[in-house]
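Structure first, then comments.
When a ligand or atom number is given, it counts from 1 through the structure's own listing order.
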Amino acid sequence: MNRKFYFYTVLSLILLIASACQNSTNQTNQTNVNSNQTTTASNEIPNRKWWKEAVVYQIYPRSFKDSNGDGIGDLKGITSKLDYIKSLGIDVVWLNPIFSSPNDDMGYDVSDYQNIMKEFGTMEDFDEMLKGFHDRKIKVVLDLVANHSSDEHKWFQEAKKSRDNPYRDYYHWWNEEDGTPPKRVSFFDPKGEGWKYSPETKSYYLHYFSQKQPDLNWENPKVRQEIYSAMKFWFDKGVDGFRMDVIHFISKDKPFKEIPAEFKDDYGKFYGSGPKRHEYVQEMYREVLSKYDVMTLGEAGATQEDAHNYVDEDRHELNMIYHYEGVSLGYLPNSKKIIDPKGWKLTDFKDIYTRWDKNFAEKGWNTVYLANHDQPRMVTRWGNDATEFRELSSKMLSTFLLTQRATPYYFQGDELAMSNIKFDKIEDYRDIESINWYKQIKSEGGDLKQFMESQKIAARDNSRTPIQWDETENGGFTTGSPWLKVNPNYKTVNAAAQEKDENSPLNYFRKLTELRKKELTLVYGKYTLVDKDNENVYAYTRELNGKKLLVLLNFKATESTVNAGVDLSKAKVLLGNYKDFSTDGKLKPYQAVILELSN
Ligand code: NOJ
């Protein structure tokens, strides 16, 4: 009896000591991850991850900085700007596609998954750039375009030669003798047709995007292994993650029947509901992702439920996805980004971001963005690019992005409040989307004037114009002739000028990243919408471990009033885009302020 008692006492003691050691290790680890974060008791936050706390800065290499005067941005150009990028206070850089490509869709048509696009430089340039980022403690995420390849990829060149070619099953085919293939719509085809006839083998191949972007056949295990080995190649080089292009499209509805009526107006939704999409992503996780400490972001215009499935930790798929619901607001439904003449309502905007926050409140993790290479400039689309409001409204939008419970994805040049170029002529556009939509509307006898006006707001080339570094020719982007025109406002809107101005959008963005880094409440704190029905002001609180912040954003060019439901005179201003703040709830045009409320 005594011996038994003695045995259990010793065992309990051992267990107690082991558990104390374990606790202290957890705490040490967490403190180490963010030793500069002092404002919130960091050890009380469960499930912390570096990619949740990161601010991601998106670089479109073609337009970032040209180092050799060919008019196209390149990797050496990025390397020459590493200190600038570091100075922004961001943690992760996502580079749009840099693999070999004939650039039918600016790199989203890959002809070799393990090589660098020749316009962008060499593998040595890549290694140098990666080291430069890592030396500065910035992680690098690449773009993986795995739903389709280029038609110039060796696999497709082989596949189209004969029906019994070993690469034939790398793509989706429909034989001529089986009749006309069931209708599939292509996003970038001049006629909108998703099947392209290939005379060599008297058959059609599937392309959801351009004719030069044939869809890969993920049903073929060899294709999946090819993609996995390309991923491992980059991870073994030290790359820190992937953004995965239209990852929700990879599973196809074989054997290609007619599309059910409910999806007829929304092909994207149908393409994104393939039966094996989650199975494939889970396999990718098992075979590749689980072996590395990397971050993954899926582009997946999915429903909230499906988005949740992609990022639910227990399902072992991806870390984050991004959806299109927010950025689609204000376009006519199922149109070629035709602007809705009724405009958009702030209450709808708030509703979308609030619903998406709720979707991940308990599990998974959210993302937030207002612009990227597929969207126009955020200040033109969501703020106001008139001279007197451009900087103010851009700062207000940056405040929104950096105070949501989500990883912010921030597009290059938005820190300078760059605005849309608004081309008048179709000849100025370089983007296949604008060019082929124009052709399609023209051949259908549609309203080209309406389309061209909408493109001034919505076209992707608006955000792809080169970065405006200084007031020298072409904004200092290139000494040659730029591949896409530089916005003529570069004389006044440029990085060099903003470096010298303490109140510039650039310096405001730096203050925002610094605040988010110090204040974990902005990352993990509970989000609550305030003054829900206010059509002018977006207000919300963020709460964590007894600390409460209030964010007020006036989305209008006029003075607006918010009913914050608290005594604002007791609040402390942490950051704002005006020098002063009125405690009676009146906000100046595009005013943004982050407040700390007292308990
Ligand atoms: C989504 C990408 O973001 C876009 O730029 C591209 O055109 C399509 N996928 C096709 O790859």
- Task: With R168 as the cation and W173 as the aromatic partner, state whether NZ or CZ is under 6.0 Å from the six-membered ring centre and within 45° of the axis.
- Result: yes
- Item | Other residues, nucleotides, ligands: >12 heavy atoms within 6.0 Å of K76 NZ | no
- Message: Could you tell me, atom by atom, which parts of ligand 1 come under 4.0 Å of a heavy atom of H373?
- Response: 2 (C), 3 (O), 4 (C), 5 (O)
- Message: Taking the six-membered ring for Trp, are Y170 and W155 closer than 6.0 Å centroid to centroid?
- Response: yes
- Task: For ligand 1, indicate whether the residue M244 contacts it via side chain, backbone, both or neither (heavy-atom separation under 4.0 Å).
- Result: neither
- Message: Please determine whether side-chain contact (heavy atoms from CB on, under 4.5 Å) holds for the pair E119 and N103, giving the CA-CA distance in whole Å, both sets of side-chain angles, and the decisive distance to 0.1 Å.
- Response: CA-CA 10 Å; E119 293 87 336; N103 286 304; 3.5 Å; yes
- Any luck finding a side-chain donor-acceptor pair between Q58 and N372 under 3.5 Å? no
- Item | Ring center gap for H373 and Y108 short of 6.0 angstrom | yes
- Query: So, is R243 polar-close to ligand 1, with some N/O to N/O distance under 3.5 Å?
  - Reply: yes
- Query: Can you tell me if Q375 has a non-hydrogen atom under 4.0 Å from ligand 1?
  - Reply: no
- Query: Which atoms of ligand 1 have any heavy atom of H148 under 4.0 Å away?
  - Reply: 10 (C), 11 (O)
- Message: How long is the straight-line distance from CD1 of I59 back to CD1 of I78, given to the nearest 0.5 Å?
- Response: 5.0 Å
- Message: Quick test: of every protein heavy atom, which one is nearest to atom 1 (C) of ligand 1, and how far off is it to 0.1 Å?
- Response: D245 OD1, 2.8 Å
- Task: Give a yes/no verdict on whether any heavy atom in R460 is under 4.0 Å from an atom of ligand 1.
- Result: yes
- Message: Would K252 and Y208 count as a cation-pi pair here, with the cationic atom under 6.0 angstrom from the ring centre and within 45° of the axis?
- Response: yes
- Indicate, as side chain, backbone, both or neither, the part of E433 found under 4.0 angstrom from ligand 1 when only non-hydrogen atoms are considered. neither
- Query: If you count the atoms of ligand 1 from 1 in the order shown, which ones are under 4.0 Å from a heavy atom of D105?
  - Reply: 6 (C), 7 (O), 8 (C), 10 (C), 11 (O)
- Query: If you measure from each heavy atom of F188 to ligand 1, is any distance below 4.0 Å?
  - Reply: yes
- closest protein heavy atom to atom 5 (O) of ligand 1 is D374 OD1, 2.6 Å
- Atoms of ligand 1 under 4.0 Å from any heavy atom of E299, numbered from 1 in the order shown, are 1 (C), 3 (O), 9 (N)
- Note on the structure: among protein heavy atoms, the one nearest atom 8 (C) of ligand 1 is F209 CE2, 3.7 Å
- Regarding Y228 and E283, is there a side-chain donor-to-acceptor distance under 3.5 Å anywhere? yes
